[in-house]
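Only one structure is covered here, and it is reproduced in the block below.
Below, chain A is the first sequence line, B the second, and so on; all start at residue 1.
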There are 2 protein chains.
Amino acid sequence: MFSKACKYAINAMIYVATLPEGQERAGLKEISKAVNSPEAFTGKILQELVKHDLLHSVKGPNGGFHIQGDTSKIVLSEIVEAIDGDMLFTGCALGLEKCSEDHPCPVHHKFQAIREHLTGMLMTTSLKDVADRVNIGISFLKY
Amino acid sequence: MFSKACKYAINAMIYVATLPEGQERAGLKEISKAVNSPEAFTGKILQELVKHDLLHSVKGPNGGFHIQGDTSKIVLSEIVEAIDGDMLFTGCALGLEKCSEDHPCPVHHKFQAIREHLTGMLMTTSLKDVADRVNIGISFLKY
DNA sequence: ATATTAAAAGATAAAAATATCCTCTATTTT
DNA sequence: AAAATAGAGGATATTTTTATCTTTTAATAT
C-alpha cells in the first residue's frame with residue numbers, strides 16, 4: 001500500500017504533531033527513536049517533507065523539526081503524495097498504462113470505489129486528528 | 001498496492017480465463033504477449049500460481065497453461081495472496097509490528113473500513129466476472 | 001526410439017528501494 | 001571569534017524486486 005519510506009514519513013509527522021506547544025521541536029534522533037525508524041534514512045525522508053513544505057527544520061544547537069501552523073491543516077494524503085507520488089491515487093491497479101473510463105482494465109470500476117474510499121479518507125484525515133488519538137493514549141506510534 | 005509480479009499474475013490469470021472452451025490452453029509466450037509482461041519473469045510467476053493450484057501446466061508440444069475447473073471458483077484475493085502474501089490483508093498500514101484492536105496505530109480504525117472494502121471486493125470478484133468483461137470487449141488487458 | 005517442444009529449475013544480472021556513512025553548512029552558545 | 005550542535009547533501013552499501021539466460025525435465029509427435 002505505502003512504501004516503507006512513506007510509513008516512516010507518516011509516523012514521523014504524527015510524532016511531531018503530538019509535541020506540546022512550547023516544545024514543538026524535535027531532533028532527528030528523537031523522532032526516529034519515537035517512531036522506531038532508521039535514523040539516517042528517516043533524515044532523508046524528513047528532508048523531502050521539508051522540501052514539500054509539510055515540515056520545517058532548524059539547524060544548529062537545539063535545532064530540529066517542527067510543523068509551522070495548524071496541524072489540522074495538513075492531511076495524510078499530502079504526506080503520501082510527497083513521498084510516494086500520486087500512483088496510489090491515479091495509477092491503474094493492474095498496471096495498464098492507459099487505463100481510463102474509455103479503455104478500462106478489468107477491475108477498473110471495482111477499484112474506483114475503493115480508491116475513492118481510500119483517497120477520501122486520506123484527504124480528510126488531518127495530522128491533528130491522528131495526533132490527538134496518540135496524545136490521549138488510545139493509539140500508538142511504536143511496536 | 002500490488003507488486004508488479006502480482007499485477008502480471010492477475011492479468012495472466014484473466015487472460016487464461018478468457019480462452020474459449022476447447023482452446024483453453026495458452027503457452028507462456030502467448031500469455032506474456034497478451035498481457036504485455038516480460039516473458040521469463042512471467043514464467044516464474046506462473047510457476048508460483050501452479051504451485052498454489054490456481055493454474056495448471058502441461059509440458060511439451062502444445063503444452064501451456066490452463067485453469068482446471070470453473071473460473072467462477074477462483075477469486076482475485078487468492079491470486080494476490082499467492083504472489084504478494086497476506087500483508088495487504090493483515091499488515092498494519094503504518095508498519096507497526098503489533099498493531100491490533102488493543103494496541104492500534106493512529107490510523108487503525110480508519111484503515112479497517114478500507115481494508116474490509118478492498119478485501120471484500122477481492123474475495124467476491126471471480127476470474128469469470130472480469131474475464132467476461134474482457135470477452136465482451138468492455139475492458140482490456142493491454143495498453 | 002528419437003527429435004522436438006515447452007514448462008521447470010537454477011544461476012545470474014539489473015534496477016529500485018532501503019539504509020548507512022562521511023563531509024559540508026548553518027546556527028547557536030560560550 | 002571559536003567551538004559545538006544538528007540538519008543538508010553527497011557518496012556508498014545492502015536488500016529486495018524485477019528481469020534475463022541457461023540447463024534440465026517432461027510430454028508429444030514422428
Side-chain angles (χ1 to χ4, degrees), chain A residues 1-13 15-16 23 25-68 80 82-85 87-88 91 94-95, chain B residues 1-13 16 23-68 80 82-85 87-88 91 94-95:
Chain A
M1 183 81 82
F2 304 135
S3 69
K4 276 187 163 197
C6 187
K7 293 174 187 173
Y8 296 151
I10 295 171
N11 281 313
M13 287 293 286
Y15 176 72
V16 175
Q23 190 246 317
R25 187 182 294 169
L28 173 57
K29 190 163 292 181
E30 176 183 344
I31 295 172
S32 56
K33 214 162 266 173
V35 304
N36 198 36
S37 64
E39 189 176 321
F41 188 44
T42 304
K44 298 289 181 193
I45 295 161
L46 298 189
Q47 274 182 46
E48 201 62 33
L49 294 171
V50 168
K51 274 184 200 153
H52 280 81
D53 273 318
L54 296 171
L55 194 59
H56 283 260
S57 68
V58 179
K59 283 187 177 181
N62 304 311
F65 299 88
H66 65 108
I67 292 168
Q68 263 186 359
V80 173
I83 303 300
D84 279 352
M87 273 306 127
L88 184 62
L94 296 186
Chain B
M1 187 80 81
F2 304 136
S3 69
K4 276 189 164 196
C6 187
K7 292 174 188 175
Y8 296 152
I10 296 171
N11 281 313
M13 287 293 286
V16 175
Q23 191 246 317
E24 69 250 310
R25 187 181 293 172
L28 172 58
K29 188 163 294 183
E30 175 183 343
I31 294 172
S32 56
K33 213 163 267 175
V35 304
N36 198 37
S37 63
E39 189 177 321
F41 188 42
T42 304
K44 298 289 181 192
I45 296 161
L46 298 188
Q47 273 181 47
E48 200 62 34
L49 293 171
V50 168
K51 274 183 199 154
H52 280 82
D53 274 316
L54 296 171
L55 194 61
H56 283 259
S57 67
V58 178
K59 284 186 177 181
N62 304 314
F65 299 87
H66 65 107
I67 293 168
Q68 262 186 1
V80 173
I83 304 300
D84 279 350
M87 273 306 127
L88 184 63
L94 297 186

Sugar-phosphate means primed atoms, P, OP1 and OP2; the rest is base. With that split, encode nucleotides 5-15 of chain D 5' to 3' as B, S or - using protein heavy atoms under 4.0 Å.
BBBBBBB----

Could you work out, with side chain to side chain contact (heavy atoms under 4.5 Å, CB included) as the rule, every residue matching B:H52, not counting sequence neighbours?
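Result, side chain to side chain contact (heavy atoms under 4.5 Å, CB included) vs B:H52: B:E48, B:L54, B:A82.
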
Partner residues of A:K29 under the side chain to side chain contact (heavy atoms under 4.5 Å, CB included) criterion, sequence neighbours left out:
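Partners of A:K29 by the side chain to side chain contact (heavy atoms under 4.5 Å, CB included) criterion, ordered by chain and then number, come out as A:K33, A:E39.
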
When the side chains of residues 4-13 of chain B are checked against the rest of the protein, which donor-acceptor pairs come out under 3.5 Å, sequence neighbours left out?
unit_1	atom_1	unit_2	atom_2	d
B:N11	ND2	A:L94	O	3.1
B:N11	ND2	B:K7	O	3.1

Report yes if the side chains of A:R25 and A:V16 come closer than 4.5 Å at any heavy-atom pair, otherwise no.
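A:R25 vs A:V16: side chains apart.
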
Less than 4.5 Å apart, any side-chain heavy atom of A:F65 and any of A:V58?
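They are not in contact (no side-chain heavy atoms under 4.5 Å apart), so the answer is no.
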
Could you please spell out the steps behind the side chain to side chain contact (heavy atoms under 4.5 Å, CB included) verdict for B:F2 and B:L88?
CA-CA 8 Å; B:F2 304 136; B:L88 184 63; 3.5 Å; yes

So, taking the atom named CG in B:N36 and the one named OG1 in B:T42, what distance separates them when rounded to the nearest 0.5 Å?
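Rounded to the nearest 0.5 Å, the CG-OG1 separation comes out at 9.5 Å.
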
Please report the distance, rounded to the nearest Å, between [atom1] in [X] and [atom2] in [N].
{"X": "B:E48", "N": "D:dT18", "atom1": "CD", "atom2": "C1'", "result": "15 Å"}
{"X": "B:E39", "N": "C:dA6", "atom1": "CD", "atom2": "C1'", "result": "10 Å"}
{"X": "B:L55", "N": "C:dA8", "atom1": "CG", "atom2": "C1'", "result": "14 Å"}
{"X": "B:H56", "N": "C:dA6", "atom1": "NE2", "atom2": "C1'", "result": "18 Å"}

By side-chain hydrogen bond (donor to acceptor under 3.5 Å, both in side chains), which residues pair with B:S32, not counting sequence neighbours?
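Testing B:S32 for side-chain hydrogen bond (donor to acceptor under 3.5 Å, both in side chains), a comparison that skips the adjacent residues, returns none.
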
Check nucleotides 16-18 of chain C against the protein and report each pair of N or O atoms closer than 3.5 Å, with its distance, or say if there are none.
unit_1	atom_1	unit_2	atom_2	d
C:dT18	OP1	A:K4	N	3.0

